[in-house]
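Encoded as structure tokens, the structure appears first; notes follow it.
Being a predicted model, the structure only gives us computed values, none of them experimental. A, B, ... follow the sequence lines: proteins, then strands. Residue 1 opens every chain.
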Amino acid sequence: MASTPPHCSITATTKRYQNHPYPHNQLKDHRQTQNQNPHQRWTSNQRVSLAKPPLPPSSRNAPKPAAATTTTTTTQHPQIHPTFPSFQPPKSELVSDFPGRRSTRFVSKLHFGRPRTTMGTRHTSVAQEALQNVIEYGKDERALENVLLNFESRLSGSDDYVFLLRELGNRGDCKKAICCFEFAVKRERKKNEQGKLASAMISTLGRLGKVEMAKTVFEAALTEGYGNTVYAFSAIISAYGRSGYCNEAIKIFYSMKDYGLKPNLVTYNAVIDACGKGGVEFKRVLEIFDEMLRNGMQPDRITFNSLLAVCSKGGLWEAARSLSCEMVNRGIDQDIFTYNTLLDAVCKGGQLDMAFEIMSEMPAKNILPNVVTYSTMIDGYAKAGRLDDARNLFNEMKFLGISLDRVSYNTLLSIYAKLGRFEEAMDVCREMENSGIRKDVVTYNALLGGYGKQYKYDVVRKVFEEMKARHVSPNLLTYSTLIDVYSKGGLYREAMDVFREFKKAGLKADVVLYSALIDALCKNGLVESAVSLLDEMTKEGIRPNVVTYNSIIDAFGRPATTESVVDDAGQTSELQIESLSSSAVEKATKRLVADREDSRIIKIFGQLAAEKAGQAKNSGGQEMMCILGVFHKMHELEIKPNVVTFSAILNACSRCNSFEEASMLLEELRLFDNQVYGVAHGLLMGYRENVWEQAQSLFDEVKLMDSSTASAFYNALTDMLWHFGQKRGAQLVVLEGKRRQVWENVWSESCLDLHLMSSGAARAMVHAWLLNVRAIVFEGHEVPKLLSILTGWGKHSKVVGDSTLRRAVEALLMGMGAPFRSAKCNLGRLISTGSVVASWLRESGTLKVLVLHDDRTHQENLRFGQISNLQMLQL
DNA sequence: CGGCCTGACC
């Protein structure tokens, strides 16, 4: 009972945002005058070394700043103090092969459309001329070879050919680049020159996203005996990383030992970069970093920038700040990339105010915020719901003359699209296209998601058509957005069509797409089908995450449409798997299994589309206990439940057939997280006094979440308590939520707005509000002329046309004899004049119906109950 | 070898 797995924390949600709106510019001015050099204060107060928490324990090997020159590694690889600018890394035998690596950087810059410079290139002017000719006359392989033959005698060595193939790569012409490469390699005698060509070819292909071709070149180079260099390995690692194959990158990296190769700085940077792109856990990347240090490598700016990128993926703002401090301690210059990546990590960690402070200190360090800095901050503010701050930064950006780029327009657009403010979204689109930036796939996806969430399916269809007409290729996000949007609207036919199109496009589904599918099944109560889809995705090598599991958990106890889609297509393929082993056949078999799965998904959609209301079928108690099994599975897979999981569990409890069942479920779940489920269980059992303190710290944690996550939690908890007769407890929770401003502007003297609340929360709140009005009456104060209760029917409704809340509240008021009636013009508004309500409140029996009680109480609660009754009446 | 934007759960 006492053992609580450490991974079960409610705070393990991805969204933890603060919510302290304030005028941006005032703050900025204030802070700048208050503190001339905020950075100094930071480094002196918060000097963090990599070896200290908050970093994971595996950082133990990272050197402490002061000890950098005295670590044991220095005996093997003499190190010069990192602050010496003249520091050069120790040379291995291979360094002499390719002195310097300027040309790589050169290509990289060119690739990003930077101005062309001639610095750092080693090609001759003949190469330049050859390039022109290749572009102009090298129409096909033969013509190209002829051009090259013409130049062959005048081109000097591999440098010229490297220039040629890189330039061709930059132009996206990888065919010609390959031709050049093959032409040059054939004629080159020296292995190290051939190796140079191969590395350049691999890195060029990697940059173009042609990872398969890069692999072919790499493997050919190995067999031919010139690919066995650190440079070729680094290039292929980077190529894999770019295309998201970080496991391949890591595998290649570790295989270098077997080839007798010692990774150098660039290799380590490439593999760390690949980890960042592939979403590898920071802890694991630190192991590589530690190894790098152990091998006497001096990490540079790029190393740290790549490590920061790993942190930014996971929102690990503490680790990111430690890394930044470590850079300062090691005397490594920080650049705009460092700052932007750090800011992204801090924003994603929800520390917007800290991010703002870091941004403010940039000018003092001579690094001026650029368009990326602003986009990062603006997106951070937007996700935290701080739209005024976001807008202020936009204005500041315009004021400073920083022109918006594709990404910043998309950031701005996504804010409006999410809010359903389509007029403004269209304005952004227009402004974007007026400045010569075409809508891209990100723009379209944001629009599709936005319109879809507002149920504007006609517009969704139109936008999707426009997108294709304009030759913007839909990507995985496009398809999963559409499938999700259509499924949520019950447009299964359309969802199915999109799914078919998605398969035709040859894209591979990911965890999000599967989760959207699974959720659609769950919402229809098809738990079994959902679970089999979960198995299927796991078989395909896609790891489910907490979101996937949250959908499944939420499905338990939901009334099902006709359960289970029969699987009739796949018997034969399973037999085949066992008897065949050749890889081609295996592939074909896998394909068959996948096809079978696709047809099943299509079938499920078909069934859902054909389904009318569906017979309600609640499988009851045993099904509830399946939740425990799911929890165990999550634990096994090391998937941390979060606050959304908790809310889903509470909602499932509300669907339990009996109090005993619900309490048993919570009791069992205490094994996983005693605080979280202990509070829920305790409140349900009526152990108020003992539990309330724990509940407070739970509420403190929930306070760190974004507002919709927090309100969903309060809604779920109060619903469950209300459902099982713990109405007083429900009310305490709901008032706590109100005190902590979980629901915006819930009540004033004249109006109670329940539109963001669940029915349990709303009903508990109605009681509290009426008691408050009663207090006003009895204190002899004036009651407002008109009192109204909004239940979210109409424009405030979360779900269009859903009147569940209104009916619940109406029935509650009716039962109490409260004189509220539906307003004629607005069905979701219940109104009464103040005087009528006042006289009802003065009636002798009214107080009794207003004060709530728990079905289950315990002796020790009496004192507590009295105190909080008093507190409540003072509200 | 580097940074910012779009999708799923309550």
Side-chain angles (χ1 to χ4, degrees), chain A residues 13 101 104-105 108 112 203 234-235 237-238 241-242 265-274 276-277 300-306 308-309 312 335-345 347 370-380 382 405-415 417-418 440-450 452 475-485 487-488 510-520 522-523 545-555 642-651 708-713 715-716 758:
Chain A
T13 173
R101 50 173 199 276
T104 312
R105 283 188 65 80
S108 140
F112 286 102
S203 99
S234 300
I237 287 168
S238 155
R242 270 176 200 283
L265 177 66
V266 175
T267 323
Y268 275 107
N269 287 350
V271 75
I272 290 171
D273 174 62
K277 290 205 174 80
D300 67 354
R301 192 182 70 243
I302 307 284
T303 320
F304 275 96
N305 287 354
S306 300
L308 281 168
S312 100
D335 62 7
I336 186 72
F337 288 87
T338 316
Y339 269 95
N340 289 343
T341 317
L342 171 66
L343 281 175
D344 192 42
C347 282
N370 64 9
V371 61
V372 177
T373 322
Y374 276 95
S375 299
T376 307
M377 287 299 300
I378 288 163
D379 187 60
D405 67 355
R406 193 183 52 80
V407 174
S408 45
Y409 272 117
N410 282 334
T411 307
L412 182 58
L413 178 89
S414 80
I415 293 174
K418 258 194 218 112
D440 68 353
V441 63
V442 178
T443 323
Y444 279 110
N445 290 350
L447 286 172
L448 291 170
N475 62 12
L476 179 58
L477 264 78
T478 319
Y479 290 115
S480 62
T481 302
L482 284 171
I483 289 170
D484 180 59
V485 152
S487 298
K488 284 208 170 49
D510 68 351
V511 58
V512 178
L513 178 58
Y514 265 107
S515 299
L517 290 171
I518 285 170
D519 189 56
C522 290
K523 288 288 180 299
N545 60 22
V546 65
V547 177
T548 327
Y549 274 97
N550 288 343
S551 290
I552 303 253
I553 287 171
D554 185 63
N642 61 17
V643 66
V644 180
T645 321
F646 186 30
S647 302
I649 295 269
L650 292 172
N651 285 330
S708 80
T709 303
S711 64
F713 160 77
N715 284 337
S758 64

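In this structure the side chain of A:N305 reaches within 4.5 angstrom of the side chain of A:D335, judged on heavy atoms. Using a 4.5 Å cut-off on side-chain heavy atoms (C-beta onward), A:V546 and A:N550 make contact. Residues A:V372 and A:D344 form no side-chain contact, since every pair of their non-hydrogen atoms from C-beta on lies 4.5 Å or further apart.
An OP1 or OP2 oxygen of B:dC4 is reached within less than 4.0 angstrom by no side-chain nitrogen or oxygen of A:R406. The side chain of A:T709 places no N or O atom within less than 4.0 Å of a non-bridging phosphate oxygen (OP1 or OP2) of B:dC10. Applying the 4.0 Å criterion to OP1 and OP2 of B:dC10, one finds that A:K523 has a side-chain N or O inside that range.
Using a 4.0 Å heavy-atom cutoff across all strands shown, A:T481 reaches sugar-phosphate atoms only and no base atom. At the heavy-atom level, A:N545 lies under 4.0 Å from base atoms of the strands shown. A:T376 comes within contact range of the sugar-phosphate backbone alone, with a heavy-atom separation under 4.0 Å but no base atom that close. Among the heavy atoms of the strands lying under 4.0 Å from A:L476 is at least one base atom, whether or not backbone atoms are also near. Among the atoms of the strands shown, none is found under 4.0 Å from any heavy atom of A:S306. Looking at heavy-atom distances under 4.0 Å, A:I518 makes no contact with the nucleic acid at all.
At a cut-off of 3.5 angstrom, the base of B:dG7 holds at least one donor-acceptor pair with the side chain of A:D510. No N or O donor and acceptor, one from the side chain of A:T341 and one from the base of B:dG3, sit under 3.5 Å apart. Between the side chain of A:N410 and the base of B:dC5, a donor-acceptor pair under 3.5 Å is found. Side-chain to base pairing of A:D335 with B:dG3: no donor and acceptor N or O lie closer than 3.5 Å to each other.
In this structure, the OH atom of A:Y479 is 18 Å from the P atom of B:dG7, given to the nearest Å. Following rounding to the nearest Å, A:I237 (CD1) and B:dG2 (P) show an atom-to-atom distance of 14 Å. B:dG3 atom P lies 18 Å from atom OH of A:Y339, rounded to whole Å. Between A:N445 atom CG and B:dA8 atom C1' there is a gap of 14 Å when expressed in whole angstrom units. If you take CG of A:D405 and C1' of B:dG3, they are 11 Å apart, rounded to a whole angstrom.
In this view, A:D405 satisfies the salt bridge (Lys or Arg N to Asp or Glu O under 4.0 Å) rule with no residue, not counting sequence neighbours. Among residues two or more places apart in sequence or in another chain, the ring pair (Phe, Tyr, Trp, His ring centres under 6.0 Å) test is passed with A:Y409 by none.
Comparing B:dC9, B:dG7, B:dC1 by their nearest atom to the side chain of A:V644 picks out B:dC9. Listed nucleotides: B:dC4, B:dG7, B:dG3. Nearest to the side chain of A:N340: B:dG3. For A:D484, the side-chain atoms get nearest to B:dC9 when compared with the rest of B:dG2, B:dC4, B:dC9.
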